[in-house]
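The first residue of the sequence shown is numbered 1, and numbering continues consecutively from there. Fair warning: this is a prediction, and the values are worked out from it, not measured in the lab.
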Amino acid sequence: MTDALLPLLSRNPADPADVLLRIPAPGAFAAVDTVERARAAQPGWLLAGAAARSAALGAVATAVEAAADELAGLAVREVGKPLSEARAEVARTAAIWRHYAQAPFAPTGSVHETSAGAGLLLTRRRPHGVAALITPWNFPFAIPTWKAAPALAVGNTVVLKPAPEATACARRLGEIVRQAVPEGVFTVLPGGATEGNALVSAADVVSFTGSTPVGQAVARAAAARGIPAQAEMGGLNAAVVLPDADIEQAAGHIAASIAGYAGQKCTATSRVIAVGAALEPLREALSEALRALPVGDPADPATVCGPLIHESARDRVLDACRGLAVLAGGTAPDGPGWYAAPTLVEKVSPEHRLLREEVFGPIASLLPADDVAHAVRITNSVPYGLVTSVHTADLNTVLHGLDLLDTGMIRVNAPSTGVDFHLPFGGSKGSSHGPREQGGAALEFYTSGRTYTLTPAGPAA
């Protein structure tokens with residue numbers, strides 16, 4: 001069987017017998033052909049003007065809102081997202097499209113005086129051409145949107161290759177977007193590594209979200225071609241709790257960040273660092289909070305922790321806690337679906353995989369720290385640097401004592417999960433490569449700067 005004929009399979013992780021779709025992968029040649037069709041459509045999309053692009057993005061936002069219940073239900077079924085989170089993601093998706101619908105009217109450059117003589121100097125940002133978007137399954141509507149909306153707003157065309165596990169969600173989003181834009185402007189390309197590699201080899205700019213090894217490979221391939229690339233990858237995020245924190249509030253925030261959507265977020269908390277006297281009360285409060293979180297059917301509005309995306313993902317969580325002191329969880333409920341109870345462990349050696357690798361499940365390690373400086377060293381000791389949550393009543397500690405945290409985002413007295421789409425998103429070290437996503441940073445990423453020198457023509461001969 002050739003690669004082009006290998007089927008793409010999407011199952012319901014809460015009921016693996018429920019198969020949403022089984023389709024053939026299109027193959028590398030089809031991927032390149034898709035890019036060429038998008039490239040042919042790009043000049044017309046740009047020249048249609050700011051008003052046309054703004055209206056199209058606004059129409060997508062309206063259509064997403066109209067289909068909100070359907071889209072949320074699809075996310076529940078295909079990727080096991082708890083219903084409350086699925087509804088929130090769909091609302092956020094519509095808000096992102098509406099936010100970027102104003103971007104086509106934003107300034108694209110500036111005017112400067114020449115250093116000497118008559119004339120003007122201009123700077124102007126122009127689209128790259130075809131944007132290749134390679135996205136994961138955990139936010140099947142929001143992540144494709146926060147990549148595609150700014151790319152389209154500034155005049156690029158888009159080819160979206162979703163993770164196979166989220167193919168149905170991506171195809172439905174594609175149907176909505178294509179109703180608002182000309183043919184070839186937005187295309188969903190299903191597939192796996194074969195199609196992803198071909199897409200990176202043909203597009204003009206690449207944005208990737210997924211695992212660190214694949215993201216690094218995408219960045220290398222893009223660098224070899226000399227095209228812009230950004231890669232948002234893994235996280236091994238810490239929650240730092242100081243003795244003066246509201247322990248009950250901190251425990252609630254951290255439990256939600258560990259177990260929400262079964263820990264399947266790059267911003268999930270996987271290390272809990274208790275400073276000094278915070279350790280004992282936090283151990284008890286966090287263990288209790290995790291045990292109290294509803295685990296089960298993602299279609300139930302009360303569920304916080306639903307299934308993991310694959311059986312192997314569930315098994316990784318259970319394997320990771322073997323031989324450790326388990327304070328909560330460490331078990332898999334009986335019945336169909338790939339579930340794991342929210343888990344907290346302690347007495348974890350620095351060499352343990354939980355402190356070196358992203359397990360991507362509802363599991364975290366409780367770690368003691370002597371003081372703030374020690375907590376900072378522990379936080380920075382991993383290969384990732386995406387987000388840190390800090391729980392304290394002392395603003396001076398946040399502004400000064402934690403200034404050495406090597407993470408791209410710091411959230412104070414709040415869960416590590418949750419981002420504001422109008423601000424830049426990204427991390428350091430193995431978490432991110434290239435420019436930031438979201439906000440105004442996205443508009444810059446999907447354009448290249450040009451400098452124009454305008455001088456008066458000389459007298460006619």
(Q) For a quick test of reading the model, state the closest non-hydrogen atom pair linking Asn380 to Lys429 and the distance between them. (A) O-NZ, 3.0 Å

Q) What heavy-atom pair brings Ala170 and Leu160 nearest, and what distance separates the two atoms? A) CB-CD2, 4.3 Å

Q) Can you list the steps and then say if Leu290 with Thr343 is a side-chain contact (heavy atoms from CB on, under 4.5 Å)? A) CA-CA 7 Å; Leu290 286 170; Thr343 299; over 6 Å; no

Q. Got Glu437 and Thr209 here, is their nearest side-chain heavy-atom distance under 4.5 Å?
A. yes

Q | Nearest heavy-atom neighbours spanning Leu308 and Ala313 | A | CD2-O, 3.7 Å

Q. Would you say the side-chain atoms of Thr93 and Thr145 include a donor-acceptor pair closer than 3.5 Å?
A. no

Q: Kindly indicate, with the supporting measurements, whether the criterion side-chain contact (heavy atoms from CB on, under 4.5 Å) is fulfilled by Leu152 and Arg53.
A: CA-CA 7 Å; Leu152 293 170; Arg53 296 198 301 276; over 6 Å; no

Q) Would Thr407 and Thr388 satisfy side chain to side chain donor-acceptor pair (under 3.5 Å), going step by step from the backbone distance to the final call? A) CA-CA 7 Å; Thr407 52; Thr388 302; 3.3 Å; yes

Q: State, to 0.1 Å, how close Lys161 and Leu189 come at their nearest heavy-atom pair, and which atoms those are.
A: CG-O, 3.1 Å

Q. Parallel, tilted or perpendicular for Phe425 and Trp146, by the 30°/60° rule?
A. tilted

Q: Begin with the C-alpha distance, continue with both residues' side-chain angles, and end with the deciding distance and a verdict on side-chain contact (heavy atoms from CB on, under 4.5 Å) for Glu358 and Ser270.
A: CA-CA 8 Å; Glu358 184 184 40; Ser270 50; over 6 Å; no

(Q) Quick one, Val19 and Arg11 - any side-chain contact, counting heavy atoms below 4.5 Å? (A) yes

Q.
Any heavy-atom pair between the side chains of Trp97 and Ile176 that's under 4.5 Å?
A. no

Q: Applying side-chain contact (heavy atoms from CB on, under 4.5 Å), run through His433 and Arg220 and close with a yes or a no.
A: CA-CA 10 Å; His433 168 88; Arg220 287 193 298 269; over 6 Å; no

**Q.** Lys/Arg N to Asp/Glu carboxylate O, Arg314 vs Glu311, below 4.0 Å
**A.** yes

Q: Locate the shortest heavy-atom distance separating Ala229 from Pro435; write the atom from each residue and the value.
A: O-CD, 3.8 Å

(Q) Counting neighbours of CG on Asp69 that are heavy atoms of other residues, nucleotides or ligands and sit closer than 6.0 Å, is the number greater than 12? (A) no

Q: Establish, yes or no, whether the cationic atom of Lys147 lies under 6.0 Å from the six-membered ring centre of Tyr446 and within 45° of the ring axis.
A: no

Q) Does any non-hydrogen side-chain atom of Asp370 lie less than 4.5 Å from one of Arg377? A) no

(Q) Checking Glu165 against His310: is there a side-chain donor and acceptor pair closer than 3.5 Å? (A) yes

Q. Can you name the nearest heavy-atom pair linking Gly196 to Ile134, along with the distance?
A. O-CD1, 4.1 Å

Q: With the side chain counted from C-beta on, respond yes when Trp137 and Glu78 share a heavy-atom pair under 4.5 Å apart, and no when they do not.
A: no

(Q) Is any side-chain heavy atom of Leu366 closer than 4.5 Å to one of Val272? (A) yes

Could you give the side-chain donor-acceptor pairs of residues 275-289 under 3.5 Å, partners two or more places apart or in another chain?
{"unit_1": "Glu280", "atom_1": "OE1", "unit_2": "Arg283", "atom_2": "NH1", "d": "2.6"}
{"unit_1": "Glu280", "atom_1": "OE2", "unit_2": "Arg283", "atom_2": "NH1", "d": "2.8"}
{"unit_1": "Arg283", "atom_1": "NE", "unit_2": "Glu346", "atom_2": "OE1", "d": "3.0"}
{"unit_1": "Arg283", "atom_1": "NH2", "unit_2": "Glu346", "atom_2": "OE1", "d": "2.9"}
{"unit_1": "Ser287", "atom_1": "OG", "unit_2": "Arg283", "atom_2": "O", "d": "2.7"}

Q. Hey, are Thr397 and Thr392 close enough side-chain-wise for a donor-acceptor pair under 3.5 Å?
A. no

Q) For Glu85 and Lys265, what are the C-alpha separation, side-chain angles and deciding distance, and is it a salt bridge (Lys or Arg N to Asp or Glu O under 4.0 Å)? A) CA-CA 12 Å; Glu85 288 207 38; Lys265 304 175 185 179; 3.0 Å; yes

Q.
For Arg353, I'd like to know if atom CZ has over 12 heavy atoms of other residues, nucleotides or ligands within 6.0 Å.
A. yes

Q: Take Arg98 and Thr62 through the test side chain to side chain donor-acceptor pair (under 3.5 Å) and record every step on the way to the result.
A: CA-CA 8 Å; Arg98 186 156 283 119; Thr62 299; 3.2 Å; yes

Q | Thr108 and Thr447, any side-chain heavy atoms less than 4.5 Å apart | A | no

Q.
For Arg171, I'd like to know if atom CZ has over 12 heavy atoms of other residues, nucleotides or ligands within 6.0 Å.
A. no

